Chemist: 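First the structure, then my questions, so here it is.
Just so it is clear: chains get the letters A, B, ... in the order the sequence lines come, proteins before strands, and each one is counted from 1. On a predicted model such as this, the values are computed, not experimentally measured, just so you know.
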Number of protein chains: 2
Amino acid sequence: MQHKSLGNTQCPIARSLERVGEWWSILILRDALAGLRRFDAFQQSLDIAPNILARRLTSLVESGLLERRQYQERPPRYEYVPTALGRDFRPVLLALLAWGNRNFAPEGVSVQIVDAGTGAVADPVLVDRASGRPVALAPFRIAAGPAANERLRRRYERLEKSAAAPAAGETR
Amino acid sequence: MQHKSLGNTQCPIARSLERVGEWWSILILRDALAGLRRFDAFQQSLDIAPNILARRLTSLVESGLLERRQYQERPPRYEYVPTALGRDFRPVLLALLAWGNRNFAPEGVSVQIVDAGTGAVADPVLVDRASGRPVALAPFRIAAGPAANERLRRRYERLEKSAAAPAAGETR
DNA sequence: CAGTATCCTGTCCGATACTG
DNA sequence: CAGTATCGGACAGGATACTG
């Protein structure tokens with residue numbers, strides 16, 4: 001993923017994708033956040049070729065999502081543990097999980113989020129921290145921020161106008 | 001993305017990635033949910049080659065995230081509008097946006113979520129709908145669900161045990 | 001305007017073999 | 001156990017030309 005417009009984009013989504021755009025990366029992160037640490041563990045869990053695993057692991061370390069840490073002197077052995085940045089990625093993973101569960105689990109849910117204390121199944125919603133309202137629904141919208149350049153600012157102005165208009169047919 | 005283990009996986013994250021694993025898809029979806037509809041609009045916004053755009057658009061339609069809709073008879077013209085499934089993807093996109101803003105915006109936020117009514121900037125958190133507690137933090141964990149097969153169930157049992165153990169050093 | 005048709009390149013990925 | 005080294009194949013993505 002070395003797209004010209006991605007390198008210097010202002011879009012935070014594109015910036016995020018620079019780090020986790022490859023799907024193996026996300027699956028590895030999923031496992032790492034679940035507690036897996038060692039090369040071997042990842043390989044078994046993912047059924048991935050070792051060279052590919054090594055490559056993805058390295059790229060995740062370079063992106064700062066994982067830390068490569070020596071846990072044994074001789075022979076030297078390393079494990080991969082999520083950094084703060086990596087742990088901060090959890091909500092994205094859980095949102096992805098929830099979307100999958102809502103839409104692609106016709107035979108029932110096979111992986112879910114639970115409260116380890118009570119065993120209650122959680123139903124994740126993305127809300128605004130202050131008001132508690134769901135952020136994915138109106139009246140919330142995406143807008144240019146303080147650091148936006150002129151081009152971006154104009155773009156969102158334009159979008160706002162056209163959204164004020166018909167907002168034509170959403171499907172189904 | 002036609003990985004053997006992905007086709008029949010039980011993991012909802014992997015299932016999601018089957019639909020949106022390619023990064024162009026996510027960027028297109030971002031624009032579609034922002035209100036873009038036409039081929040031309042996507043192309044300008046994304047600076048993408050037309051053949052690639054056509055390919056990704058088709059795959060998003062096939063995955064059921066976008067609907068191709070004729071808006072003019074002659075010459076026949078089509079536009080691409082998000083389906084219910086596509087709109088349901090919004091929280092994932094916003095979680096990705098928030099992660100990017102928190103971590104990769106040293107010079108300030110250039111795109112943000114705002115309340116269109118009040119203009120207040122939103123701070124998205126993923127919480128449990130019932131309890132309102134952040135789902136990304138303890139005591140919440142990922143666990144096998146009712147439809148999990150034996151293999152998956154065992155796997156999460158094992159993880160639960162090792163998590164009960166030291167839960168060794170998280171970085172930073 | 002909304003694409004299709006070609007051609008080409010990069011690299012992601014899979015398979016396999018090998019090593020300290 | 002934790003990788004590295006090689007090789008090959010598929011396809012995403014880029015550039016460009018063309019069409020109704």
Side-chain angles (χ1 to χ4, degrees), chain A residues 1-7 9 14 17-29 31-32 36-63 66-81 162, chain B residues 1-9 14 17-32 36-63 66-81 162:
Chain A
M1 189 191 355
Q2 59 323 325
H3 187 261
K4 50 177 183 276
S5 82
L6 243 51
T9 185
L17 290 177
E18 284 178 52
R19 273 83 178 186
V20 295
E22 278 113 344
W23 60 281
W24 269 137
S25 300
I26 297 191
L27 257 17
I28 291 174
L29 227 33
D31 280 357
L36 300 197
R37 294 276 177 272
R38 309 222 178 142
F39 194 93
D40 191 51
F42 288 114
Q43 201 184 348
Q44 282 185 37
S45 166
L46 295 167
D47 190 25
I48 184 180
N51 53 348
I52 299 303
L53 177 56
R55 191 193 294 173
R56 299 286 94 218
L57 244 18
T58 303
S59 98
L60 283 171
V61 168
E62 279 168 1
S63 305
L66 256 31
E67 189 200 0
R68 187 173 189 249
R69 175 191 297 178
Q70 186 162 6
Y71 69 90
Q72 174 182 299
E73 288 269 333
R74 23 159 91 70
R77 286 287 175 269
Y78 302 91
E79 59 182 2
Y80 301 85
V81 337
S162 64
Chain B
M1 192 190 354
Q2 58 322 326
H3 187 261
K4 52 177 185 274
S5 80
L6 243 50
N8 44 7
T9 186
L17 290 177
E18 286 178 50
R19 273 84 177 185
V20 294
E22 277 114 348
W23 60 278
W24 269 135
S25 300
I26 296 191
L27 257 17
I28 292 174
L29 227 32
R30 174 199 68 180
D31 281 357
L36 301 197
R37 295 276 176 272
R38 309 223 177 142
F39 194 93
D40 190 51
F42 289 115
Q43 200 183 350
Q44 283 186 34
S45 165
L46 296 166
D47 190 24
I48 184 180
N51 53 346
I52 299 302
L53 177 57
R55 194 192 291 173
R56 299 286 93 221
L57 243 19
T58 303
S59 99
L60 283 170
V61 168
E62 279 168 1
S63 304
L66 295 181
E67 189 201 359
R68 186 171 189 252
R69 173 192 297 177
Q70 185 162 8
Y71 69 90
Q72 175 181 300
E73 288 270 332
R74 23 158 93 67
R77 287 288 175 268
Y78 301 90
E79 59 183 2
Y80 300 85
V81 336
S162 64

Chemist: Before giving the answer on side-chain contact (heavy atoms from CB on, under 4.5 Å), spell out for Ile28(B) and Leu36(B) the whole-Å C-alpha distance, their side-chain angles and the decisive distance to 0.1 Å.
Modeler: CA-CA 9 Å; Ile28(B) 292 174; Leu36(B) 301 197; over 6 Å; no
Chemist: Can you measure Leu46(A) atom CG to dA15(C) atom P for me and round it to whole angstrom units?
Modeler: 14 Å
Chemist: What is the distance, to the nearest angstrom, from the CG atom on Leu57(B) to the P atom on dA12(D)?
Modeler: 15 Å
Chemist: Where do Phe42(B) and Ile48(B) come nearest, in terms of heavy atoms and distance?
Modeler: O-CG2, 4.5 Å
Chemist: Across the strands shown, which category fits Phe42(A) at heavy-atom distances under 4.0 angstrom: base, sugar-phosphate, nothing?
Modeler: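 The residue Phe42(A) makes no contact with any strand.
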Chemist: Rounded off to whole Å, could you give me the CD-to-C1' distance for the Glu18(B) and dC13(C) pair?
Modeler: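 Spelled out: CD on Glu18(B) to C1' on dC13(C) is 16 Å.
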Chemist: Using atom types as modelled and distance alone, determine if a side-chain donor or acceptor of Gln72(A) lies under 3.5 Å from a backbone N or O of Pro75(A).
Modeler: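 Yes, Gln72(A) side chain to Pro75(A) backbone: donor-acceptor pair under 3.5 Å.
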Chemist: Expressed in angstrom and rounded to an integer, what is the separation of Leu17(A) atom CG from dC12(C) atom C1'?
Modeler: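 Answer to the nearest Å: 16 Å.
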Chemist: Check the distance between dG3(C)'s P and Tyr78(B)'s OH and give it to me in whole angstrom.
Modeler: 8 Å
Chemist: To the nearest Å, how far apart are Gln72(B) CD and dG3(C) P?
Modeler: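 One finds 11 Å between P of dG3(C) and CD of Gln72(B), rounded.
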Chemist: Considering only side-chain heavy atoms of Phe39(B), which listed nucleotide, dA2(D), dG14(C), dG3(C), is closest?
Modeler: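 Taking heavy atoms from C-beta onward, the closest nucleotide is dG3(C).
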Chemist: Quick check on dG14(D): is either OP1 or OP2 less than 4.0 Å from any side-chain nitrogen or oxygen of Trp24(B)?
Modeler: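 Trp24(B) to dG14(D) OP1/OP2: side-chain N or O found under 4.0 Å.
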Chemist: Now, which nucleotide makes the Watson-Crick or G-U wobble pair with dG20(C), with each of the two distances under 3.5 Å?
Modeler: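 WC or wobble partner is dC1(D).
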Chemist: Taking OP1 and OP2 of dC1(D), is either one under 4.0 Å from a side-chain nitrogen or oxygen of Tyr71(A)?
Modeler: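 Checking Tyr71(A) against dC1(D): no side-chain N or O falls below 4.0 Å of OP1 or OP2.
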Chemist: Kindly point out which of dA2(D), dA2(C), dT16(D) is positioned nearest to the side chain of Arg77(A)?
Modeler: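 Side chain of Arg77(A) sits closest to dA2(D).
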Chemist: So, Ser59(B) side chain and Arg56(B) main chain: donor-acceptor pair closer than 3.5 Å or not?
Modeler: yes
Chemist: Remember a base hit wins even if backbone is also touched, and classify Pro75(A) as base, sugar-phosphate or nothing at under 4.0 Å, heavy atoms.
Modeler: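 If one applies the 4.0 Å heavy-atom cut-off, Pro75(A) turns out to touch nothing in the nucleic acid.
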Chemist: OP1 or OP2 of dC13(C) less than 4.0 angstrom from a side-chain nitrogen or oxygen of Trp23(A), does that happen here?
Modeler: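 So the side chain of Trp23(A) is within the cut-off, an N or O lying under 4.0 Å from OP1 or OP2 of dC13(C).
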Chemist: Establish, with yes or no, whether the OP1 or OP2 oxygen of dA5(D) is under 4.0 angstrom from a side-chain nitrogen or oxygen of Arg55(A).
Modeler: no
Chemist: Could you tell me whether the phosphate oxygens of dC12(C), OP1 or OP2, come under 4.0 Å of any side-chain nitrogen or oxygen in Arg56(A)?
Modeler: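 Arg56(A) to dC12(C) OP1/OP2: side-chain N or O found under 4.0 Å.
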Chemist: Given dG3(C), is OP1 or OP2 found less than 4.0 Å from the side-chain N or O atoms of Arg68(B)?
Modeler: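 Yes, such a contact exists.
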Chemist: Which one is paired to dG9(D), where only Watson-Crick or G-U wobble pairs with both distances under 3.5 angstrom count?
Modeler: dC12(C)
Chemist: Between Leu60(A) (CG) and dC12(C) (P), how many Å, whole number?
Modeler: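 One finds 12 Å between P of dC12(C) and CG of Leu60(A), rounded.
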Chemist: Between Gln43(B) and Ile52(A), name the one whose nearest nucleotide on DNA chain C is closer to the 5' end.
Modeler: Gln43(B)
Chemist: Report yes if the side chains of Val61(A) and Glu67(A) come closer than 4.5 Å at any heavy-atom pair, otherwise no.
Modeler: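 Result no, sub-4.5 Å side-chain heavy-atom pair not found.
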Chemist: Ignoring hydrogens and angles, answer whether the base of dG3(D) and the side-chain atoms of Asn51(A) contain a donor-acceptor pair closer than 3.5 Å.
Modeler: no
Chemist: Of all the nucleotides listed (dA15(C), dT4(D), dC1(D)), which has the minimum atom distance to the side chain of Asp40(A)?
Modeler: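 Side chain of Asp40(A) sits closest to dC1(D).
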Chemist: Taking only the side-chain heavy atoms of Ile48(A) (C-beta and beyond), determine which of dA17(C), dT16(D), dG14(C) contains the nearest atom.
Modeler: dG14(C)
Chemist: Which whole-number value in Å describes the distance from Leu27(A) CG to dC13(C) C1'?
Modeler: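 Result: 14 Å.
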Chemist: Within 45° of the ring axis of Tyr71(B) and under 6.0 Å from its six-membered ring centre, is that where the NZ or CZ of Arg77(B) lies?
Modeler: no
